[in-house]
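See structure below.
A, B, ... follow the sequence lines: proteins, then strands. Residue 1 opens every chain.
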Number of protein chains: 2
Amino acid sequence: MDPKTHALFVERARIIKALAHPSRLYIVDRLSQREHCVQELAELVNADISTVSRHLSILKNVDIVKDEKRGTKVFYSLHTPCVLNFFGCVEKVIKSSARERADLLEKES
Amino acid sequence: MDPKTHALFVERARIIKALAHPSRLYIVDRLSQREHCVQELAELVNADISTVSRHLSILKNVDIVKDEKRGTKVFYSLHTPCVLNFFGCVEKVIKSSARERADLLEKES
DNA sequence: TGGCTATTTGGTTAAATTGCCAAATATGGC
DNA sequence: GCCATATTTGGCAATTTAACCAAATAGCCA
């Protein structure tokens, strides 16, 4: 693999890695409805505020979300909404594997 | 967050995690063109065969790829090609952040 | 300035991921 | 059965990730 191709796939993985966590996926899901401040998100994902703040900085580092400070609060919103397209395919994968497990069960019975 | 919702996002993250590695993304990319045996993939990603075998088992665990044994070789192919849709959005994210870095540079100059 | 609220960051620990080597396993041909 | 080829798996060390608490920072208002 030539260096440029390698760099491209490293970069792609960097983006996908940022999404590869249940809390971060849920945060993205909530932000797809409307902006939220850190505190609100912490309640939604039911985790320590500092933990959520770290999740948000990971998402911000790859520009999936953006932040805007208003007063003492920081409001986060989706910067690249197309990441929501991921979910559609992910559901397909889940269903496909669920179907296979079901098929397998039928054959076994 | 209720338990069902939580389980859904854990499951989604499981799928996305399986893709969150440069070598695995490259493997998916190659398999989108045609099936390959483990040896071929090891050469393509330039890694130890055992390492590639582990990457493949990770992808297989979430049903992104499937395998078929023929003789002593095991051929892998894409089982859920829609994961390729991920790439389109990932490129957008990359470009969007690249654009912003560019804008930032302009403003600074 | 001092106090209050909201968020980020440092430090630490536990857990998960990755990669390689070596050993085990499976298949086909002699 | 025995050998050669192809793949998987066990074991280990190094790196990364994740979570929490505590401390630092930032903005607002009295």
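Atoms OG and CD1, from Ser96(A) and Ile15(B) in turn, are 8.5 Å apart once rounded to the nearest 0.5 Å. In this structure, OG on Ser50(A) lies 9.5 Å from NE2 on His55(A), to the nearest 0.5 angstrom. Summarising the geometry, atom CG belonging to Leu56(B) is positioned 4.5 Å from atom CD1 belonging to Ile27(B); distances are rounded to the nearest 0.5 Å.
A heavy atom closer than 4.0 Å to some atom of DNA chain C occurs in Cys37(A), Val38(A), Gln39(A), these being the qualifying members of residues 2-39 of chain A. In the region residues 63-76 of chain B, proximity to DNA chain C at under 4.0 angstrom, judged on heavy atoms, holds for Lys69(B), Gly71(B), Thr72(B).
Of the possible donor and acceptor atoms, one in the side chain of Thr80(B) sits under 3.5 Å from a partner among the backbone N and O of Asp63(B). Panel note: side chain Glu43(A), backbone Glu40(A); no donor-acceptor pair is recorded below 3.5 Å. Using modelled atom types, one side-chain atom of Asn61(B) and one backbone atom of Ser57(B) make a donor-acceptor pair closer than 3.5 Å.
Close to dT17(C), at under 4.0 Å from its OP1 or OP2, lies no side-chain N or O of His55(B).
Nucleotides of DNA chain D with any atom under 4.0 Å from a heavy atom of chain A span, from 5' to 3', dT17(D) to dC28(D).
In this structure Arg12(B) satisfies the salt bridge (charged side-chain N to carboxylate O under 4.0 Å, His left out) test together with Glu91(A), sequence neighbours excluded. Applying the salt bridge (charged side-chain N to carboxylate O under 4.0 Å, His left out) criterion to Asp48(B), with sequence neighbours excluded, gives no partner residue.
In this pair, Phe87(A) and Phe9(B) present their aromatic rings perpendicular. The plane angle is above 60°, beyond the 30 to 60° band.
Using a 4.5 Å heavy-atom threshold, the side chains of Leu31(A) and Tyr76(A) count as touching. Here the side chains of Arg14(A) and Val62(A) are in contact, with some heavy-atom distance below 4.5 Å.
When the P atom of dT18(C) is taken as reference, atom CG of Leu59(B) falls 11 Å away, rounded to whole Å.
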Tabulate protein N/O versus nucleotide N/O from nucleotides 10-12 of chain C, keeping only pairs under 3.5 Å, one per line.
from    : atom 1 : to       : atom 2 : distance (Å)
dG10(C) : N7     : Arg54(A) : NH2    : 2.8
dG10(C) : O6     : Arg54(A) : NH1    : 3.3
dG11(C) : O6     : Arg54(A) : NH1    : 3.4

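Side-chain N/O atoms of Thr5(A) and Asp2(A) include a donor and acceptor closer than 3.5 Å.
No option in Arg30(A), Lys73(A), Arg70(A) other than Arg70(A) meets the salt bridge (Lys or Arg N to Asp or Glu O under 4.0 Å) test with Glu35(A).
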